[in-house]
Trainee: 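Quick one: this structure, given as structure tokens, is what I'll be asking you about.
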Amino acid sequence: MNVPNERKLTIARAMAEAVQQEMQIDPSVFVMGEDIGALGGVYGNTRGLLEEFGSERIRDTPISETAFIGAAVGAAQDGMRPVVELMFVDFFGVCFDAIYNLMAKNIYFSGGNVKVPMVLMTSTGGGYSDGGQHSQCLYGTFAHLPGMKVVCPSNAYDAKGLMTAAMRDDSPVVYMYHKSLQGMGWLATEPGATVHTPEESYTLEIGKAKVAREGSDVTIVSVGLGVHHALKAAEQLEADGVNAEVIDLVSLVPLDRDTIRASVAKTGRLIVVDEDYMSYGVSGEVIASVTEHDISVLKAAPKRVAYPDVPIPYARVMEQFCLPNPDKIVAAFKDMKAA
Amino acid sequence: MNVPNERKLTIARAMAEAVQQEMQIDPSVFVMGEDIGALGGVYGNTRGLLEEFGSERIRDTPISETAFIGAAVGAAQDGMRPVVELMFVDFFGVCFDAIYNLMAKNIYFSGGNVKVPMVLMTSTGGGYSDGGQHSQCLYGTFAHLPGMKVVCPSNAYDAKGLMTAAMRDDSPVVYMYHKSLQGMGWLATEPGATVHTPEESYTLEIGKAKVAREGSDVTIVSVGLGVHHALKAAEQLEADGVNAEVIDLVSLVPLDRDTIRASVAKTGRLIVVDEDYMSYGVSGEVIASVTEHDISVLKAAPKRVAYPDVPIPYARVMEQFCLPNPDKIVAAFKDMKAA
Amino acid sequence: MAPTRDEQHWMYRNMVTSRKFEETIAGIYFEGKTPVFSMADGPIPGEMHLSDGQEPVAVGVCAHLNPEDVVTATHRPHHQAIAKGVDLDKMAAEIFGKATGLSGGRGGHMHLFDADVNFACSGIIAQGMGPAVGAALSRKMQKKPGVGVAFVGEGAVNQGGWHEAMNLAATWKLPFVCVIEDNDWGISVSKGDSTAISNNADRAAAYGIPGVRVKDNDPYAIYEAAGEAIARARAGEGPSLIEVETYRLAGHFMGDAEGYRPEGEKDALFEKDPIPKMRAKMLADGIASEAELEAIEAESAARVEAAIKFARDSADPAPEDALTSVFA
Amino acid sequence: MAPTRDEQHWMYRNMVTSRKFEETIAGIYFEGKTPVFSMADGPIPGEMHLSDGQEPVAVGVCAHLNPEDVVTATHRPHHQAIAKGVDLDKMAAEIFGKATGLSGGRGGHMHLFDADVNFACSGIIAQGMGPAVGAALSRKMQKKPGVGVAFVGEGAVNQGGWHEAMNLAATWKLPFVCVIEDNDWGISVSKGDSTAISNNADRAAAYGIPGVRVKDNDPYAIYEAAGEAIARARAGEGPSLIEVETYRLAGHFMGDAEGYRPEGEKDALFEKDPIPKMRAKMLADGIASEAELEAIEAESAARVEAAIKFARDSADPAPEDALTSVFA
Ligand SMILES: Cc1ncc(C[n+]2csc(CCOP(=O)(O)OP(=O)(O)O)c2C)c(N)n1
Ligand SMILES: Cc1ncc(C[n+]2csc(CCOP(=O)(O)OP(=O)(O)O)c2C)c(N)n1
Ligand SMILES: [Mg+2]
Ligand SMILES: [Mg+2]
């Protein structure tokens with residue numbers, strides 16, 4: 001896409017800009033997390049903020065995720081709008097009670113008498129040999145549990161709009177950003193993630209999927225990095241005369257089932273691409289959401305290209321063997337046609 | 001079922017008996033957890049063990065789930081076979097790293113050089129107004145993450161055989177027992193759970209589903225308490241001349257997809273019943289496992305009767321509104337026929 | 001620092017109200033649960049954790065608090081809720097699972113939230129710590145008055161979240177006080193079997209903050225220790241830790257057979273019931289007359305009765321309202 | 001208690017081997033990662049946490065350990081692995097992601113497991129604590145010799161799991177030692193900004209156990225403190241806590257620009273490099289001759305070279321082996 005006055009940002013930069021602009025107009029917004037101050041976030045998404053806002057509002061924490069996420073809940077209930085970072089989503093196991101039993105449930109437990117306007121941002125994804133405790137996506141894990149919205153941008157435009165929307169939301173939003181889309185020099189970045197991003201503040205509605213590419217022969221549904229795999233697969237398929245539609249879920253909770261169903265009703269075929277573990281996760285949910293609604297639209301059994309149910313190996317050849325990629329999506333489509 | 005010399009046990013008693021018998025023959029087995037000693041476990045599954053084995057092997061712990069589950073991993077790697085209890089599955093948020101990043105992954109990380117023979121037993125389920133932090137099932141949460149087997153008995157016979165198999169397994173097994181099946185006097189117990197249970201030790205193969213009731217018109221798949229709802233629904237449907245097959249998954253990991261698929265191939269209809277939250281969980285996975293395999297066998301869109309995506313409310317009328325029950329299953333079947 | 005005459009009346013009144021409230025709840029709890037005790041049945045289903053005997057901690061601390069101060073409580077929250085000024089009608093209705101309850105029946109007795117007086121709970125051990133510390137952070141950042149107080153049991157002190165929150169509050173010098181109710185038991189496990197040291201106030205050394213242990217459930221000593229800690233917090237001098245030796249006169253939850261208690265322990269505890277003790281002391285010290293105390297007791301009883309009546313008379317929530325209030 | 005001559009030679013040898021190993025790894029790490037640094041590329045991809053400067057802690061502690069003792073390490077495990085006697089060939093091969101690696105390439109540098117010498121890691125902060133305590137429990141229950149030692153960074157001490165494990169070990173009086181490597185930084189956050197007190201050894205008071213702080217990265221003082229703690233553990237007297245003031249000469253991980261470090265800090269640290277210091281002291285004390293030291297250095301270099309060659313020469317794992325070894 002070519003835009004006049006194009007202003008391409010990385011997702012990291014787009015996230016930081018959204019936070020910066022909101023902090024300028026809303027004194028209740030502040031950021032807490034490990035290495036989000038002087039370091040600017042391991043994944044760059046708070047870069048520059050310490051200099052502008054100081055260490056009271058850009059607050060490095062001890063390695064105490066339970067305490068500072070729990071504290072964010074308390075601060076949110078007390079009128080602040082904390083943005084907290086869990087550095088890698090893989091670390092959720094040390095602090096998930098604060099997330100799913102406090103952050104996600106206190107609105108409900110209070111019958112709506114308290115609000116919990118906070119954003120939990122966390123990095124996801126592998127592909128760079130960071131081993132089994134630093135490479136997971138865990139989309140399904142977060143999306144399964146009620147009370148938190150879960151978003152996952154695939155490009156900088158969405159990243160900025162989602163972040164601003166998340167900060168303005170009175171409910172907790174989990175903001176999952178994929179490391180390979182982030183635009184850090186030291187991690188290869190998918191170029192498609194670095195797109196035109198307006199300077200002024202704007203919001204993206206949470207809970208709406210996007211048709212990232214229109215097509216008529218097959219619907220490929222994904223989120224985050226998987227959207228780019230899907231787009232590449234669609235290009236490969238186009239060479240074979242196959243016209244693939246790509247749906248970017250953008251938000252896992254709420255899940256925009258209508259958009260998925262409308263697309264599959266049109267194409268008759270469904271492939272779900274997910275870098276999270278295959279079983280009991282996103283891929284199953286998307287397939288079930290379609291098939292429970294109407295099986296008559298399906299011309300073939302739906303397929304998934306997802307991470308196998310194994311811990312993430314370190315060795316490059318093993319990890320790449322497990323990860324979704326465009327070729328696997330194309331192969332899945334060919335299998336589907338052959339069946 | 002009437003058995004000569006019938007010996008009906010509650011699940012609690014069956015679990016305790018399995019542990020007792022294994023402890024008698026294997027000195028490396030021991031039990032750790034909160035209130036599993038003098039109290040005999042809040043849900044009765046360690047009753048009598050302290051008296052027989054003493055407080056070294058039946059070890060009450062501080063309220064330090066991360067420490068004692070992590071310690072169980074270390075002890076398991078060092079030649080012991082710990083059985084640890086997480087009192088309510090709802091508490092997993094304070095200790096999940098020890099579970100999913102250590103217990104579940106150390107075999108893999110070591111390339112099989114260490115074994116992690118441990119059982120994590122934990123209670124699930126609501127229906128008695130214990131509120132949103134004491135009533136969850138979280139089957140999907142555990143089953144989604146690789147490296148741990150996950151079992152869930154629906155009756156005492158299976159409970160004993162699964163527990164013995166779990167203790168003898170060199171891999172970690174999460175043993176999820178439903179409170180309403182447990183046979184504690186103070187919690188209403190589903191009578192169907194209290195069945196004949198042989199005195200001698202035996203094992204049940206982990207990873208095999210059971211056909212709990214044969215039928216030809218619809219397959220109802222569930223686990224734990226849901227199996228009993230399904231069996232009751234099947235009886236109601238029988239009055240209408242509908243012959244329902246009920247599949248008891250018994251094990252969520254490994255998931256016995258063959259048994260599910262074979263049943264649906266026969267009946268052409270699928271209803272999944274799950275007390276865990278609906279989205280991104282067991283119900284989606286079972287539906288996807290069937291539909292990705294073969295949609296041609298389906299005569300109607302599959303249905304789910306699952307817990308809605310809301311925290312669990314305290315008030316009885318609200319909680320009962322949310323829970324699966326036989327009537328909802330019958331209604332789902334009727335919808336399916338009407339569609 | 002001793003409580004004034006008015007404060008002592010207030011403390012006694014709240015102790016009596018809490019006791020009366022729980023006695024009433026305890027009676028009603030068994031409705032529908034006999035002859036066989038069944039937790040799911042009756043007008044008040046589910047677990048019920050009573051705080052009889054622990055009232056001095058709640059009143060000794062809350063005597064120093066205003067509605068703007070933030071308190072987080074635990075699975076055993078009634079005495080603290082009452083002392084913090086939570087609306088008793090709505091609280092009773094919540095415990096009955098009624099539409100008029102604090103959260104319309106969604107929370108129940110372990111999840112009492114009253115935004116008007118900044119009171120909240122969590123049923124997960126030690127997980128009230130983070131939110132109370134966060135409230136303290138919020139006030140410090142906003143330069144608004146108010147302290148955060150977290151009540152926890154002695155069993156909670158061995159939970160990782162407790163340690164993290166203490167360190168965070170101390171590192172950031174927040175207006176925060178942690179009050180440990182040491183009733184010597186975490187369900188059936190004694191403090192001695194679960195905690196490496198006997199005095200958790202010594203754990204304050206790990207955070208470089210003051211730590212005080214109050215003996216023998218004494219409301220006056222609690223008042224004094226809490227007063228110092230809260231004044232310190234208000235003055236911007238950072239957090240404090242208080243452990244109070246208190247007594248759980250009831251079981252862990254209703255229905256608990258308490259077979260794990262050493263013989264005679266309960267009898268000895270009942271002799272130390274803090275309510276008659278405070279009553280006697282107020283009389284002896286000339287702080288209140290018999291007539292005044294009787295009036296307080298009668299008013300408290302009437303207040304409780306009215307709240308229970310409000311709860312009983314209220315309507316059940318609409319079942320489908322279970323699906324609302326998930327998001328703000 | 002001072003290390004014997006042989007022990008000093010052993011300590012020096014292991015420090016040199018570790019340093020040499022990491023220098024070599026560091027060189028290779030940049031292969032394929034220039035001109036633009038890209039973590040995913042080259043023969044050693046992924047994060048790389050070096051321990052240069054922290055070698056004294058590993059050798060001072062492990063000098064007292066046998067293969068049967070159990071050590072858990074962190075995301076920064078090389079020096080400890082080497083001092084514990086982990087097979088250097090397999091360890092190098094693991095770091096290269098080769099089929100001959102400790103786990104056939106499944107683990108990588110943060111997940112080194114060698115069952116032969118009872119060494120394990122976790123990349124999650126403080127999560128080595130539980131397993132080391134559990135190994136200590138296992139030995140106590142089995143009445144088998146052996147202690148559990150967990151190495152953690154000073155940043156890990158603010159993690160809940162650390163506290164829980166300390167309390168558990170102390171309550172159960174287990175043969176366990178926690179060794180804190182205080183390099184003053186948790187990535188970019190200094191100890192002062194994250195920890196309420198300056199000396200984590202004081203936190204031993206929270207568990208009623210001995211706590212010692214060793215100053216200035218001194219291998220001899222570490223040896224002494226660890227000797228006492230491990231002897232205590234072996235004698236059944238329970239756990240101990242040791243904090244060592246040490247220095248991270250490199251960045252948090254390779255590629256870290258270290259902009260957060262105060263000016264001049266790095267230069268000052270390099271002047272305190274413990275390896276030349278120990279070398280000079282051994283010479284001065286007449287513990288080793290120049291020739292002996294040179295021999296040790298040459299042998300260490302050769303050992304490392306052989307290990308790296310083994311790793312380089314080994315085959316990649318079969319990609320589909322990613323699907324194996326999930327269960328035992
Ligand atoms: C993390 C967690 N573990 C276990 C429990 C179960 N549980 C509820 S109350 C309790 C005992 C708490 O003891 P203490 O903190 O001393 O409070 P008390 O009940 O004595 O008031 C336990 C173990 C829980 N709610 N949360
Ligand atoms: C629970 C958890 N939180 C955060 C991280 C990310 N992280 C990796 S190393 C590190 C700093 C650790 O500091 P310290 O314990 O002092 O060890 P050092 O790196 O200095 O050796 C952090 C925050 C992690 N791995 N685990
Ligand atoms: Mg207690
Ligand atoms: Mg450090």
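So that the names make sense, note that chain A is the first sequence line, chain B the second, and so on, each numbered from 1.
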Trainee: Indicate the atoms forming the closest heavy-atom contact of D/W172 with B/D60, along with that distance.
Mentor: CZ2-O, 3.5 Å
Trainee: Is it the backbone or the side chain of D/I124 that comes under 4.5 Å from a heavy atom of chain B, or both, or neither?
Mentor: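 Side chain only.
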Trainee: Report the option among D/G101, D/A135, D/A165, D/G107 that has the most heavy-atom pairs separated by less than 4.5 Å from atoms of chain B.
Mentor: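 That would be D/A135.
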Trainee: Contact part of B/I107 toward chain D, heavy-atom cut-off under 4.5 Å: side chain, backbone, both or neither?
Mentor: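 Both backbone and side chain.
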Trainee: Given heavy-atom pairs under 4.5 angstrom as the criterion, report whether the side chain, backbone, both or neither of D/T72 touches chain B.
Mentor: neither
Trainee: Where does B/M32 contact chain D at under 4.5 Å (heavy atoms): side chain, backbone, both or neither?
Mentor: side chain
Trainee: Looking at B/G111 and D/S103, what are the two nearest heavy atoms and their distance?
Mentor: N-CB, 3.1 Å
Trainee: Is it the case that more than 12 heavy atoms not belonging to D/K90 sit under 6.0 Å from its NZ atom?
Mentor: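 Not buried by this count: 12 neighbours or fewer within 6.0 Å.
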Trainee: Could you tell me which of D/C121, D/G148, D/A328 has the largest number of non-hydrogen atom pairs under 4.5 Å with chain B?
Mentor: D/A328
Trainee: By a 4.5 Å heavy-atom criterion (distance strictly below it), what part of D/W162 contacts chain B: side chain, backbone, both, or neither?
Mentor: neither
Trainee: Give, for atom SG of B/C95 and atom CD of D/Q127, the distance between the pair rounded to the nearest 0.5 Å.
Mentor: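 One gets 9.5 Å once the value is rounded to the nearest 0.5 Å.
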Trainee: Can you confirm whether D/V70 sits close enough to B/Q77 that some side-chain heavy atom of one is under 4.5 Å from a side-chain heavy atom of the other?
Mentor: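 SC-SC contact between D/V70 and B/Q77 ruled out.
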Trainee: Please evaluate residues D/E164 and B/F68 with respect to the criterion side chain to side chain contact (heavy atoms under 4.5 Å, CB included), reporting the C-alpha separation (whole Å), side-chain torsions for both, the decisive distance (0.1 Å), and the verdict.
Mentor: CA-CA 8 Å; D/E164 291 191 5; B/F68 73 76; over 6 Å; no
Trainee: What's the spacing between D/R139 CZ and B/D78 CG if we round to 0.5 Å?
Mentor: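 Reported to 0.5 Å precision, the distance equals 4.0 Å.
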Trainee: Short question: side chain of B/Y108, backbone of D/T324 - any donor-acceptor pair under 3.5 Å?
Mentor: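 Pair absent, no side-chain N/O of B/Y108 close to backbone of D/T324.
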Trainee: I'd like to know whether D/R106 forms a side chain to side chain contact (heavy atoms under 4.5 Å, CB included) with B/F109, so could you lay out the CA-CA distance, the side-chain angles of the two residues, the decisive distance to 0.1 Å, and finally the verdict.
Mentor: CA-CA 6 Å; D/R106 291 179 190 77; B/F109 285 152; 5.7 Å; no
Trainee: What part of B/T61 lies closer than 4.5 angstrom to a heavy atom of chain D: side chain, backbone, both or neither?
Mentor: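 Both parts, backbone and side chain.
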Trainee: Can you tell if the side chain of B/N113 reaches within under 4.5 Å of the side chain of D/F113, non-hydrogen atoms only?
Mentor: no
Trainee: Quick one: what part of B/N101 sits under 4.5 Å from any heavy atom of chain D, side chain, backbone, both or neither?
Mentor: side chain
Trainee: Mind checking the CG-CD spacing from D/L137 to B/E56? Nearest 0.5 Å is all I need.
Mentor: 8.0 Å
Trainee: Can you tell which part of D/N167 gets under 4.5 Å to a heavy atom of chain B, answering side chain, backbone, both or neither?
Mentor: side chain
Trainee: Can you confirm whether B/K105 sits close enough to D/H111 that some side-chain heavy atom of one is under 4.5 Å from a side-chain heavy atom of the other?
Mentor: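 Not touching, per the 4.5 Å side-chain cut-off.
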Trainee: Which atom names give the shortest non-hydrogen contact between D/G161 and B/T66, and what distance separates them?
Mentor: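 Heavy-atom minimum between the residues: CA-CG2, 3.9 Å.
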Trainee: Quick one: pull up CG in B/D169 and CZ in D/F327 and give me the separation to the nearest 0.5 Å.
Mentor: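 With rounding to 0.5 Å, CG (B/D169) is 8.0 Å from CZ (D/F327).
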Trainee: Below 4.5 Å from any heavy atom of chain B, which atoms of D/A150 appear? Answer side chain, backbone, both or neither.
Mentor: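 Neither the backbone nor the side chain of D/A150 comes within 4.5 Å of chain B.
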Trainee: If we define contacts as heavy-atom pairs under 4.5 Å, which of D/H163, D/Q142, D/K140 has the most with chain B?
Mentor: D/Q142
Trainee: To the closest 0.5 Å, what do you measure between CD1 (D/I125) and CG (B/D97)?
Mentor: 10.5 Å
